[in-house]
Amino acid sequence: MILTGATVVTSLDPVRVVREDVHVVDGRIAPSGGGARRDCSGCLVVPGNVCAHTHLYSALARGMPYALEPPENFTQILQRIWWRLDRALDEESIRASALVGGMEALLSGTTTLVDHHASPNAIDGSLDVVEESLRSLGVRSVLCYETSDRDGPERAQAGVAENRRFLSRVREDELPLTRGMVGAHASFTLSDETLAACCEAAGEHGVGLHIHAAEDRADERDAVVRCGHRVAGRLDRAGALNEHTLLAHGVHLDDEEIGLVRAARSSIAHNARSNMNNSIGRARLNALGERVSLGTDGIGSDMFEESRTAFFRLREDDGGTGGGWPLERLAESARLAGRAFHEPLLGTLQAGAPADLVVLDYAAPTPLHDGSFAGHWVFGLSARAVRDVMVAGDWVVTDRRLTHVDQRQLAADALGQAERLWRRLEEIGPHEFEPRNGGN
Ligand SMILES: [Zn+2]
């Protein structure tokens, strides 16, 4: 395959813009060669976006009815919304959620999803359902099951077992587009035994934990009451902090905790829109260092929108933030995925990189070069410009339509599943699990 006539961004960090054809051979960017040509004249070709933290299981929650008392804090948001939704999920609704979420990812130019899945009443095999769904669309993914003690020790053990089972499958099967991590919900819903079991599974498979950390103050309070240490201290003592581990949010990490996380070279997934939506506070992005990637926490997978919102939120507090910040964070998101796939060039369009790319129908109204691209990203580009998407050399979107499935049928099927899921949800009351708060 040869993509002709486009302006090509071969790297986001540092930015490198060239005007040359893109050659794809055996699923990778190549210096030359390729057969069929696709005319990309007047287009911009960029590396596929990576969403470093999402929850596909929430894809059918959009607009769902809510009849309980409005939640007043983060714990109540979990008890009254997400920990009801996840218990209502069954195999069919997990599949529909993954298909809808995967479809929206591709159509918005996101080629890799790092997902954190929960379905406490359908744990065993759930990651296979997510994997199959994403494979049918052609999405690259890093999957895990969200282990937690909040639904009892049996489900905690089932969560660990599902991660182990899936990681064994990843190791044994040929799943070229999928890798795994060990998922864990958050310190405040994990017993010492379960946390230890997660770390053991991760160590055995040479992968990291994917866990919410210090998203809300309640997580920190619970850790202190539980063991006398804050969240990162608890995770560090359990052996959970290392270069493979991914911490989602990290909003309330203090200086000492940030020191632990940075010393361990663990990654942070920053979820700006989710943090704002849940009123949990602002992550200390400048203190957190280089390993900050961007996720949506389930608010779709549009990384143009997420990165732009994160940038404006940061600029509101720190006007010195450079325009390249969103590109650096997206490049780090791709490096995170690249580490999971042992593909250090993932997220670039350099020769040898996996051919994960997006063709944007974008007629730049001002000069576009290395020095101006960040301005185009923040002030001009959006998912609206996504025309074609390639993952591992496979066209998964052409002319704004999915190539492997009928997207109208997919959406119609999801609608039926959403109605069913919402009816099931009405029967489920608020979750009773509470973090420990030391009595205040
Ligand atoms: Zn999350």
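Whatever order the structure lists ligands and atoms in, that order sets their numbers, starting from 1. Below, all heavy atoms of this structure are taken into account, side chains as well, without hydrogens, waters or symmetry copies.
- Judged purely by atom type and a 3.5 angstrom limit, Arg171 has no side-chain atom pairing as donor or acceptor with the backbone of His205.
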Does the pair Arg308 and Phe312 meet the rule for a side chain to side chain contact (heavy atoms under 4.5 Å, CB included), with working shown? CA-CA 6 Å; Arg308 191 181 351 256; Phe312 289 137; 3.3 Å; yes
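- If you look at His212 and ask which of its N, O or S atoms sits nearest the Zn ion (ligand 1), the answer is NE2.
- Backbone or side-chain N, O or S atoms of His55 reach the Zn ion (ligand 1) at under 2.8 Å.
- Nearest N, O or S atom of Asp297 to the Zn ion (ligand 1): atom OD1.
- The side chain to side chain contact (heavy atoms under 4.5 Å, CB included) test with Ser333 is passed by exactly one of Leu12, Thr112, Val50, Thr110: Val50.
- Annotation: cation-pi pair Arg140/Phe341 present, NZ/CZ under 6.0 Å from the ring centroid and within 45° of its normal.
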